[in-house]
Structure formats: C-alpha cells, structure tokens
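Heads up, the thing below is written out as structure tokens.
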Amino acid sequence: MAADTSVEMFSKVLENQMLQTTKVVEEQLDAEIQKLDQMDEDELERLKERRLEALKKSQQQKQEWLSKGHGEYREIPSERDFFQEVKESKNVVCHFYKDTTFRCVIIDKHLAVLSKKHIETKFLKLNAEKSPFLCERLGIKVIPTLALVKDGKTQDFIVGFTDLGNTDDFTTETLEWRLGCSDIINYSGNLMDPPFQSQKKFGTIVTKLDKKTIRGKKYDSDSDDD
C-alpha cells in the first residue's frame, strides 16, 4: 500500500513538472515568434547567416568525430591503444569484456546501436583478459563493466546490470539513460524518468544516481564488486 502511494505521489510530481516545463516552452516559443515578427529584412538575413554558420560548424565537428573513430562500436587490441583513444576524444565509453561472459554479448548489441546514434561519444571494447594492468588500475573485478571516460579521466562505471534494472532484458533506451546520467552522451530524455520496462517489476523508483568520484591518480577507481 505504501509503495503504491509513493508511486502515485511520484507520478503526480512528475506530471506537474512536465506541465510546468510545457508552459515555459510555450512561453519561450511565443516570445521567439513575436521577436521574429518584429525583425526587419536585414536582421532576418543576419539571423539566417548565424544559423548557417552554426550548421557548418556542426558538420565540421561531426567530420572530426568520425575521423577519430566515432560513429561505430569497435574493439581495440591493447591497453596502450586505450590510453591513446581516450586522449583523442572528450567522451569515451569502453566495455571491458570476456569471451566467456554471455552478458557481454548483450552489452555489445546495445552499444552497437548507441555508437551510431551518439557520434559525440567514442564507443570501444577491450578484452579484460588482455589488459590486466588497466583492469587492476581501474579496479575492474566484475564483467561486464563499462568505464566512462571524460577528458581523459575515468568519471564513472556501469558495473554489471545493477543500474539497468537488474535484468538481462533491459532496453537500449535504459542503457542510453544510464549513460546520460553520467553526462557521457548528449541525452535528450528526462533523467528523472528512467525508461525501465516496468519500474513496478523491480520495486524501486530511481530518481537519482550517485556518481562515483575518481580520486588520486588519473585512472584510479574506488569501484567495488557488484
């Protein structure tokens, strides 16, 4: 009974937040329309030029990402390659896997999709058995583990499927949401509304994830076993 009440309260709060957000967006849109109506031809032309310039820069950034291996999910052969890859890109997701762990195949499937959708982030995989030094340095003991690296520093880890609903059947959207919680991708959804297939099934309401903090050396980790 208490759980149902909590779910109902959470739903009402979320609904109110969505209504408030919609109202703000509508007001901003009305203001933009009014502003456009008041512009003369010269102002409209300058606005058009600024938008074309922004589009040009966006395309240049996209090409730069692609040249660095973004836009695909690929395996790197060694620990040395890992350090080189994270130097080149601001946002990197690296899947530490083993051939004998079937859940790694599940992760592979989802990351292959997300790598094409989020080209702002580099998606890699590395065989944990071929990278003992790196696994020890990062404190990786559970496979699969995703290391989330921003600006050359490991910011967070996704260890096993605990943050993904504790099920092998989690959706790509759920993993996308979890990556968004760590700001490692440009997530457009609502972080307060995790897209678990059935939140009631898991008996919890996730409203916030406590991010792991990396202290000390560049790639040190305080991650514990799952």
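The distance from atom CG of Asp169 to atom CG of Leu164, rounded to the nearest 0.5 Å, is 12.0 Å. The CG atom of Leu138 sits 8.5 Å away from the SG atom of Cys94 when rounded to the nearest 0.5 Å. In this structure, SG on Cys104 lies 13.5 Å from NZ on Lys109, to the nearest 0.5 angstrom. With rounding to the nearest 0.5 angstrom, the CG atom of Leu126 is 7.0 Å from the SG atom of Cys135. Taken from CG in Asp151 to CG in Asn91, the straight-line distance is 7.0 Å, to the nearest 0.5 Å. With rounding to the nearest 0.5 angstrom, the NZ atom of Lys62 is 5.0 Å from the CD1 atom of Ile119.
In this structure, Phe123 and Ser115 approach most closely via the heavy-atom pair CD1-CA, 3.4 Å. Between Gly180 and Leu191, the shortest heavy-atom distance links the atoms C-CD2, 3.7 Å. The nearest pair of heavy atoms linking Phe83 to Val86 is O-CG2, 3.3 Å. A pairwise comparison of heavy atoms in Arg178 and Asp163 identifies NE-OD2, 3.0 Å as the closest pair. Annotation for Thr171 and His110: closest pair C-CE1, 3.7 Å, computed over non-hydrogen atoms. Nearest heavy-atom pair, Phe96 versus Ile140, reported as atom, atom and distance to 0.1 Å: CD1-CD1, 3.4 Å.
Residues Asn127 and Tyr97 meet the side-chain proximity criterion, which asks for heavy atoms closer than 4.5 Å. Within the 4.5 Å cutoff, no side-chain heavy atoms of Thr100 are placed close to those of Ile143. At a threshold of 4.5 Å between non-hydrogen side-chain atoms, the residues Gln63 and Leu66 count as touching. The side-chain heavy atoms of Leu124 and Arg74, taken from C-beta on, include a pair separated by under 4.5 Å. A heavy-atom distance below 4.5 Å is not found between the side chains of Val93 and Leu114. Side-chain contact between Pro144 and Thr101 is present, with heavy atoms from C-beta onward closer than 4.5 Å. Contact of the Lys130 side chain with the Pro77 side chain is not registered, since no non-hydrogen atoms from C-beta on lie closer than 4.5 Å.
Hydrophobic cluster membership differs between Leu146 and Val113, with clusters built from Ile, Leu, Val, Met, Phe, Trp and Tyr side chains linked at under 4.5 angstrom.
Residue Glu136 places its CD atom among 12 or fewer non-hydrogen atoms of other residues, nucleotides or ligands, all under 6.0 Å distant.
The side chain to side chain donor-acceptor pair (under 3.5 Å) test applied to Glu64 returns Lys68, not counting sequence neighbours.
Of the possible polar contacts, none joining the Thr145 side chain to the Val159 backbone as a donor-acceptor pair under 3.5 Å is found. A distance-only check finds no donor-acceptor pair linking the side chain of Glu173 to the backbone of Pro195 [under 3.5 Å]. No donor-acceptor pair under 3.5 Å is formed between the side chain of Ser182 and the backbone N or O of Leu179.
The stretch residues 111-125 participates, sequence neighbours left out, in these salt bridge (Lys or Arg N to Asp or Glu O under 4.0 Å) pairs: Glu85-Lys122, Glu88-Lys122, Asp108-Lys125, Lys117-Glu176. Sorted by first and then second residue, the salt bridge (Lys or Arg N to Asp or Glu O under 4.0 Å) pairs involving residues 96-107 (not counting sequence neighbours) are Arg103-Asp168.
Using a 30° and 60° split on the angle between ring planes, Phe161 and Phe170 fall in the perpendicular class, above 60°. Ring geometry for Trp65 versus His70: interplanar angle under 30°, hence parallel rather than tilted (30 to 60°).
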